[in-house]
Trainee: 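Take this structure, written in structure tokens, and hold onto it; I'll ask about it next.
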Amino acid sequence: MSILDMLILAEKASAAKHMAKAFGGTSGTVAGKTYKIVHAHGHLMEFKDPEKMVKTDAEKERYSSWSDMKTMPWNQADFSWAKTYAKSYNSYTKKSKSTRDDVNAIKSEAANADAILIATDNDPSGEGDLLGWEIVNAIKWNKPVYRIRFADETPKSLNQAMHSMVEITDQFKQGEYLKSDARSKWDFLSMQLTRISTYAARQAGYRVKVINQGRLKSVIVLKIWQQQQLIDQYVKTPYYEAKFKDPAGHIFARSLKDDEQKRTARFATEKDGQAEVDKYTKSPVTNIKRQHKTQAPGALIDLAKLGSILAKQGFNSKEVLATYQKMYEAEIVSYPRTEDKKITQEQFNELLPVVDAIAQVVGANQQLLTHRTLRSKHRATEAAHGANRPGVKVPSSLESLSKYGPSAQAIYRTLALNYLAILGEDYQFDRVTAELELYPDFKTGFNVPVQLNYKAIFDDTDSDDESNSVSDVVGPEAEPFVYQGANPKPTRPSADWIGKFLEKHNIGTGATRLGVQAQLTSGKNAFIKDQKGFYTLTQPGTIAAVLVRDSWIGSPNITKQLFDHMDEVGKLNESPAIVVNSATRVIEHDLPIILKNSRELTQFVGKQVKATKKYAAKPKTKGQLTNGKAVEFSSTWGGHKFTEGEIQQLLAGQVISFAAKSKAGKAYTASGMLKEQTYKGKKFWGFKADFGKK
DNA sequence: GCAAGGTC
């Protein structure tokens with residue numbers, strides 16, 4: 001006899017905490033059901049390695065290969081799609097640990113319940129459904145499963161959700177689960193492109209570790225590479241154009257809308273420009289208009305934007321993510337991994353009593369914080385977490401935050417000022433416009449600040465605005481002059497620029513966008529070098545990019561297509577198998593392209609190669625053991641190449657001896673036999689010397 | 001040694 005009607009499964013600790021608050025405890029009665037709340041921390045399960053999802057020895061060999069391109073594309077029907085406990089990484093202890101204990105803890109609580117309720121936020125990608133079902137399947141649950149979804153974690157929303165729970169016991173009829181499961185399989189299959197790229201780079205003679213490719217990674221490195229090409233190919237082409245200037249320095253110019261207009265107004269030489277200018281005379285300024293305008297504070301920032309602001313101050317994304325996480329756990333800042341850029345009225349109200357204290361800590365002028373209502377442009381009707389902002393717990397000082405990490409003070413200051421700006425009044429300015437009496441096509445326009453208001457707290461505009469120092473006195477006359485301009489230089493790749501690109505194409509999520517950039521910019525095998533937010537590709541990064549030129553995986557369109565099909569799966573209009581199969585179409589298409597691109601690598605990375613030595617995969621010998629088992633092993637050892645006779649002896653399980661060389665170059669006689677060995681947790685067959693008998 | 005998606 002069960003003790004509980006319902007085991008409520010939350011996605012993470014903070015959600016479980018909010019539910020406990022909403023329902024009156026970690027266990028009790030809600031909506032007429034007895035319950036207990038447990039929580040995961042994200043995905044607790046993940047796919048096993050490819051070679052561990054297949055049955056036969058031949059399949060295991062096929063799916064272990066990094067060097068035989070004939071083994072790809074993989075046949076996904078060979079896979080069991082079995083999952084194993086994920087390794088969770090703790091940034092405090094810098095240790096990774098299996099989620100086995102977490103799953104078992106949930107399992108033992110479930111033993112007391114009649115049903116499990118998957119309770120995660122209303123994420124249209126279905127990720128909450130997937131991680132819920134992963135746990136339900138892992139504990140071999142065979143009783144009813146229910147589902148609630150909620151837009152935010154306020155008691156009101158959570159209690160409402162409890163009154164509209166639905167039964168979803170058949171997971172294969174649940175669109176959200178099916179679509180997200182298909183997405184995860186698609187992404188998993190895309191790992192073939194990493195093996196293909198690694199192989200292709202080595203074949204081309206590059207001593208590389210792993211050349212990672214995927215929907216995010218490939219798009220990011222290729223985009224940076226293409227932009228770098230544009231910059232390298234950029235030729236500054238000056239042009240000379242007639243403009244006018246008044247005594248205060250205001251420029252009067254024509255607005256050149258298309259290329260045709262630009263061609264007729266701009267000249268290639270200064271001489272021709274001067275000839276054009278000579279056609280004009282000094283002109284009185286007329287039609288001066290002064291219009292009063294206002295501008296409300298901009299949007300609140302998300303994590304990617306915060307990362308790019310701090311990058312300019314010299315903090316790297318990896319450190320910012322880790323420090324932010326620690327500050328979130330201390331409740332000093334709000335939940336990090338959100339895509340929300342607005343907040344709900346409740347979230348606004350919650351913070352209102354402490355805004356003066358926050359202002360004091362960051363040194364903002366409290367007298368500017370007069371707009372104590374939430375503007376509609378910042379208000380969301382639903383937001384699970386709300387935009388990144390300070391928490392209700394206010395630190396005693398900025399200095400006290402240093403214990404969370406090097407960027408802690410900068411994170412808090414930036415978040416706080418950005419948030420406090422929405423409590424400032426609108427920026428007030430005069431828009432002044434004027435034109436020339438003799439040549440009315442020549443116009444000027446500029447803004448004169450009247451009251452900075454919110455901009456005095458946090459200025460969100462890029463600095464390419466008109467200078468504030470221009471005088472607001474226009475005219476009375478303006479004289480023609482030769483203006484020298486040039487075609488614009490392509491933007492330098494930066495964290496901000498990549499963030500906007502990914503967001504525009506809907507690639508990755510708020511959490512993964514910054515995470516992947518952190519991954520690509522750190523470690524020994526980094527693909528991107530980050531210099532105060534500006535990106536350049538390292539040598540392996542350049543190799544990764546060149547290999548995916550003209551490929552599908554390097555195109556933002558592949559994610560769009562994947563998501564479009566996922567939506568159809570979600571509506572049960574399309575079979576998940578079609579989505580998963582489309583990954584195989586990508587491998588078929590991209591494999592020959594990557595191999596072809598590898599032949600052009602020297603053209604782009606040739607000069608940067610440190611080790612010019614050709615580097616090829618070690619030659620392997622295939623054969624059969626006396627028990628019939630097929631094995632593959634290196635055909636050389638210690639500088640010695642096994643003879644045909646030695647290979648037969650090794651396969652027969654015999655001990656052989658030969659002249660070998662140590663790494664230091666010392667000659668000795670090696671004796672040993674063929675053995676199954678383990679390297680970094682992976683099993684392989686190879687010659688094993690018996691040093692005891694040497 | 002591999003992906004992207006959650007999480008700490």
Side-chain angles (χ1 to χ4, degrees), chain A residues 10-16 39-53 63-67 72 74 86-97 99 102 120-121 123 125-135 179-199 201-202 208-220 321-330 335-339 502 507-513 515-516 519-520 523-525 540 544 553 558-559 562-563 566 583 586-587 617 679-682 684:
Chain A
E11 179 168 335
K12 52 181 176 273
S14 65
H39 69 84
H41 39 263
H43 287 284
L44 296 186
M45 307 297 291
E46 63 187 16
F47 287 127
K48 291 183 176 177
D49 286 340
E51 58 271 25
K52 288 175 185 153
M53 286 202 289
Y63 292 107
S64 302
S65 175
W66 283 67
S67 54
M72 285 174 244
W74 292 342
K87 283 186 187 65
S88 66
Y89 179 76
N90 184 320
S91 58
Y92 270 131
T93 59
K94 298 197 171 164
K95 279 181 186 163
S96 77
K97 142 183 182 302
T99 54
D102 304 281
T120 71
D121 64 358
D123 171 8
S125 73
E127 216 60 46
D129 299 76
L130 179 59
L131 74 88
W133 276 110
E134 281 168 352
I135 295 164
K179 75 192 273 191
S180 155
D181 182 57
R183 196 276 310 146
S184 70
K185 288 172 179 164
W186 195 105
D187 282 328
F188 184 86
L189 290 170
S190 74
M191 74 164 59
Q192 290 171 83
L193 295 162
T194 294
R195 293 188 182 185
I196 294 167
S197 295
T198 306
Y199 167 82
R202 288 180 185 169
V208 294
K209 201 169 170 251
V210 173
I211 300 298
N212 309 68
Q213 306 285 7
R215 279 195 293 123
L216 265 86
K217 295 182 165 91
S218 303
V219 168
I220 293 171
L321 279 175
T323 302
Y324 197 114
Q325 173 68 22
K326 289 177 196 167
M327 291 166 73
Y328 158 65
E329 284 164 17
Y335 183 75
R337 292 167 288 273
T338 176
E339 293 200 74
L502 295 176
I507 304 172
T509 63
T512 52
R513 273 175 213 145
V516 168
Q519 203 185 340
L520 291 172
K524 277 187 184 163
N525 196 36
I553 198 70
I558 205 73
T559 289
L562 173 64
F563 286 8
M566 275 170 57
V586 175
I587 311 298
Y679 180 70
K680 287 190 176 173
K682 277 186 71 169
F684 72 99

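Sequence lines set the chain letters: A, B, ... in the order given, protein chains first and strands last, and positions in each chain run from 1. Just so it is clear, the values below take in all heavy atoms, side chains as well, and ignore hydrogens, waters and symmetry mates. Values in this document were obtained by computation on a predicted structure and should not be read as measured data.
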Trainee: Does a nitrogen or oxygen in the side chain of Asn212(A) sit under 4.0 Å from OP1 or OP2 of dA3(B)?
Mentor: yes
Trainee: OP1 or OP2 of dA3(B) versus the side-chain N and O atoms of Lys217(A): is any pair under 4.0 Å?
Mentor: yes
Trainee: If you check every side-chain atom of Ala13(A), which of dG5(B), dC2(B), dC8(B) has the closest atom?
Mentor: dC8(B)
Trainee: Who pairs with Leu216(A) by side-chain contact (heavy atoms from CB on, under 4.5 Å), at least two apart in sequence or on another chain?
Mentor: Ile507(A), Thr512(A), Val516(A)
Trainee: Just compare dC2(B), dG6(B), dC8(B) and give me whichever is closest to any side-chain atom of Arg337(A).
Mentor: dC8(B)
Trainee: Donor-acceptor pair, Gln192(A) side chain versus Leu189(A) backbone, under 3.5 Å?
Mentor: yes
Trainee: Closer than 4.0 angstrom, basic N to acidic O: yes or no for Lys12(A) and Asp121(A)?
Mentor: no
Trainee: So Lys209(A), base contact, sugar-phosphate only, or nothing? Heavy-atom distance under 4.0 Å.
Mentor: base
Trainee: Start at the 5' end of DNA chain B and walk down; is the nucleotide closest to Leu131(A) or to Pro50(A) reached first?
Mentor: Pro50(A)
Trainee: Take atom NZ of Lys326(A) and atom P of dT7(B), then tell me their distance rounded to the nearest Å.
Mentor: 19 Å
Trainee: Given that Val210(A) and Leu44(A) both sit by DNA chain B, which one's nearest nucleotide is further toward the 5' end?
Mentor: Val210(A)
Trainee: Just call it for Ser190(A): base, sugar-phosphate, or nothing, with non-hydrogen atoms closer than 4.0 Å on any strand.
Mentor: sugar-phosphate
Trainee: For DNA chain B, what string of dots and brackets results from 5' to 3' when Watson-Crick and G-U pairs need both distances under 3.5 Å, crossing pairs get [ ], and pairs with another strand get |?
Mentor: ........
Trainee: Provide, to the nearest angstrom, the distance between the CZ atom belonging to Phe188(A) and the C1' atom belonging to dC2(B).
Mentor: 8 Å
Trainee: Tell me the interatomic distance from His43(A), atom NE2, to dG6(B), atom C1', rounded to whole angstroms.
Mentor: 4 Å
Trainee: Is there a side-chain contact between Leu130(A) and Ser184(A) (heavy atoms, below 4.5 Å)?
Mentor: yes
Trainee: Could you check whether Arg337(A) pairs with Glu127(A) (Lys NZ or Arg NE/NH1/NH2 to Asp/Glu carboxylate O, under 4.0 Å)?
Mentor: no
Trainee: Counting heavy atoms from C-beta on, name the nucleotide in dC8(B), dG6(B), dA3(B) closest to the side chain of Met191(A).
Mentor: dA3(B)
Trainee: Let me confirm one number: the OG-NZ distance from Ser180(A) to Lys185(A), rounded to the nearest 0.5 Å.
Mentor: 10.5 Å
Trainee: Could you pull out all residues at least two apart from Leu131(A) that satisfy side-chain contact (heavy atoms from CB on, under 4.5 Å)?
Mentor: Glu11(A), His43(A), Glu134(A)
Trainee: Look at the aromatic rings of Trp74(A) and Tyr63(A) and report parallel, tilted or perpendicular, splitting at 30° and 60°.
Mentor: perpendicular
Trainee: Any donor-acceptor pair under 3.5 Å linking the side chain of Asp123(A) with the backbone of Ser125(A)?
Mentor: yes
Trainee: Considering only side-chain heavy atoms of Thr198(A), which listed nucleotide, dG6(B), dC2(B), dG1(B), is closest?
Mentor: dG1(B)
Trainee: Using whole Å, report how far NZ of Lys185(A) lies from P of dG5(B).
Mentor: 17 Å
Trainee: Contact class for Tyr335(A) (heavy atom, under 4.0 Å): base, sugar-phosphate, or nothing?
Mentor: sugar-phosphate
Trainee: Return the nearest nucleotide to the side chain of Asp123(A); candidates are dC2(B), dG6(B), dA4(B).
Mentor: dG6(B)
Trainee: What's the CH2-C1' distance between Trp133(A) and dG6(B), to the nearest Å?
Mentor: 18 Å
Trainee: With a non-hydrogen cut-off below 4.0 angstrom, is Gln192(A) in contact with a base, only sugar-phosphate, or nothing?
Mentor: nothing
Trainee: For the side chain of Arg202(A), counting heavy atoms from C-beta on, which of dT7(B), dG1(B), dA3(B) is nearest?
Mentor: dG1(B)
Trainee: As a test of reading the structure: which of dC8(B), dA3(B), dC2(B) is closest to the side chain of Phe47(A), going by heavy atoms?
Mentor: dA3(B)
Trainee: Can you check the Leu562(A) CG to dA3(B) P distance for me, whole Å?
Mentor: 16 Å
Trainee: From CG of Leu216(A) over to P of dA3(B), roughly how many Å is that when rounded to an integer?
Mentor: 11 Å
Trainee: The side chain of Phe563(A) is closest to which nucleotide in this list: dG5(B), dG6(B), dC8(B)?
Mentor: dG5(B)
Trainee: Just how far, in rounded Å, is C1' of dA3(B) from CH2 of Trp66(A)?
Mentor: 11 Å
